[in-house]
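Below is one structure, written out as structure tokens, with a few remarks after it.
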Amino acid sequence: NPQIRIGLLSFVVGYDAQKVQTFIKDNNDLNNFYLEFNKEVLDGKDIFDYIGGEFAFSLGDLDPDMLDGWNIDKVDLYLSVQVTNEEKWKELIDIIRTRIMQEMWDSRSDEVDMIKGFLAKPLIEDYNGKKIYYIEWLPIPFVGKIGFAYTFIDDFFMIGLNRPTIKRIIDTAKTGDGAKKNLLK
């Protein structure tokens with residue numbers, strides 16, 4: 001008995017990064033936030049050196065069984081950010097990882113230890129010619145356990161709630177028909 005899955009929401013936003021930078025610099029409050037963010041979070045680097053002019057958000061391919069025990073592996077939710085290049089984005093991840101580790105260093109709890117472990121060294125799976133970086137389960141209050149995963153496809157950084165989502169994205173990008181294969185299971 002095939003099951004049809006329904007996509008709920010997706011959007012893509014494109015922008016001219018230079019125009020956004022000009023707009024930010026012309027607005028004193030935004031400019032102060034922008035400069036502080038670059039200084040405090042990115043260790044003095046400029047966020048626009050890392051990101052491209054497009055991002056996308058998608059919530060879809062919901063399996064009706066997801067509500068049976070709140071199985072987050074049955075929800076496709078991901079964010080995609082265009083990057084200047086994969087190596088540059090990995091540099092940004094390392095900067096943010098280091099900053100978060102510094103902030104969390106004195107904190108002690110199972111959840112914080114899990115986050116620190118993921119930030120220090122995520123698990124890696126080779127899948128269909130791509131690397132998937134992931135954490136198995138991260139407990140989120142009032143939500144349950146979530147397993148984040150990310151990969152790079154062309155000039156996009158893709159992060160999702162789970163590895164199955166990232167695998168479907170990789171399949172779709174590689175073959176162009178991965179979405180069709182997942183419609184009927």
Side-chain angles (χ1 to χ4, degrees), residues 5-17 19-21 24 30 33-34 37-38 40-42 45-63 66 70-101 103 111 114-115 118-119 122-125 127-176 178-179 182:
R5 296 177 172 199
I6 301 168
L8 294 179
L9 170 72
S10 294
F11 66 87
V12 176
V13 175
Y15 59 92
D16 182 326
K19 287 182 181 179
V20 171
Q21 282 180 293
I24 289 171
L30 280 177
F33 174 78
Y34 167 73
F37 175 83
N38 286 338
E40 294 299 321
V41 177
L42 301 182
K45 309 271 194 222
D46 187 335
I47 187 65
F48 288 105
D49 290 341
Y50 299 93
I51 59 175
E54 188 175 316
F55 70 90
F57 171 84
S58 181
L59 169 64
D61 201 27
L62 287 181
D63 186 322
M66 74 159 274
W70 289 99
N71 187 348
I72 204 74
D73 276 348
K74 296 192 177 199
V75 177
D76 279 342
L77 176 67
Y78 69 91
L79 175 68
S80 157
V81 179
Q82 187 177 32
V83 297
T84 51
N85 65 57
E86 184 175 330
E87 293 309 311
K88 193 85 169 153
W89 192 261
K90 285 180 179 178
E91 175 187 313
L92 178 65
I93 290 171
D94 285 341
I95 290 169
I96 292 171
R97 177 182 299 144
T98 301
R99 178 66 66 202
I100 291 171
M101 291 291 284
E103 297 294 322
E111 291 82 10
M114 261 180 136
I115 294 168
F118 172 61
L119 292 173
L123 299 169
I124 301 172
E125 176 182 352
Y127 178 79
N128 209 356
K130 296 288 181 186
K131 292 201 180 305
I132 299 174
Y133 304 87
Y134 68 97
I135 182 173
E136 285 287 349
W137 296 114
L138 178 64
I140 305 292
F142 308 110
V143 174
K145 293 180 178 180
I146 295 177
F148 292 100
Y150 68 88
T151 193
F152 297 91
I153 298 175
D154 298 327
D155 59 347
F156 284 89
F157 169 75
M158 316 289 283
I159 185 165
L161 281 182
N162 52 59
R163 278 186 296 158
T165 293
I166 297 300
K167 287 179 179 181
R168 283 190 280 279
I169 292 167
I170 291 169
D171 288 344
T172 301
K174 186 164 184 122
T175 65
N182 287 315

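For clarity, every value in this text was computed on a predicted model and none was experimentally measured.
Listed here is the closest heavy atom pair of Phe156 and Val83: N-CG2, 4.3 Å. Contact between Tyr15 and Gly52 at its shortest, heavy atoms only, is OH-O, 2.8 Å. Smallest separation of non-hydrogen atoms from Asp154 and Lys130: N-NZ, 4.3 Å. Annotation for Leu79 and Ala56: closest pair CD1-O, 3.2 Å, computed over non-hydrogen atoms. Heavy-atom minimum distance, Tyr50 versus Trp89: O-CE3, 3.6 Å. Across every non-hydrogen atom of Tyr134 and Ile132, the tightest pair is CD2-O, 3.7 Å.
Rounding to the nearest 0.5 angstrom, the gap separating the CG atom in Asp49 from the CD atom in Glu91 is 9.0 Å. Separation of atoms NZ (Lys167) and OH (Tyr127) is listed at 6.0 Å; rounding is to 0.5 Å. A distance of 12.5 Å separates OH of Tyr78 from CG of Leu161, quoted to the nearest 0.5 Å. Between the CG atom of Leu59 and the CZ atom of Phe11 there is a distance of 10.5 Å, given to the nearest 0.5 Å. Rounding to the nearest 0.5 Å places OG1 of Thr151 at 10.5 Å from CG of Asn128. One distance of note links CZ of Phe157 with CG of Leu92; it measures 9.0 Å at 0.5 Å rounding.
At distances below 3.5 Å, not a single donor-acceptor pair connects side-chain atoms of Thr84 with backbone N or O atoms of Ile51. In this structure a side-chain-to-backbone donor-acceptor pair under 3.5 Å is present from Asn38 to Ile47.
In this structure the side chain of Ile170 reaches within 4.5 angstrom of the side chain of Ile153, judged on heavy atoms. Between Ile169 and Thr172 the shortest side-chain heavy-atom distance does not fall below 4.5 Å.
With ring centers used as reference points, Phe48 lies under 6.0 Å from Tyr34.
Lys90 NZ: more than 12 foreign heavy atoms inside a 6.0 Å radius. The environment of Lys88 atom NZ is dense: over 12 non-hydrogen atoms of other residues, nucleotides or ligands sit within 6.0 angstrom. For CZ of Phe57, the number of neighbouring non-hydrogen atoms (other residues, nucleotides, ligands) closer than 6.0 Å is greater than 12.
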Step by step, would you call Asp46 with Leu42 a side-chain contact (heavy atoms from CB on, under 4.5 Å)? CA-CA 7 Å; Asp46 187 335; Leu42 301 182; over 6 Å; no
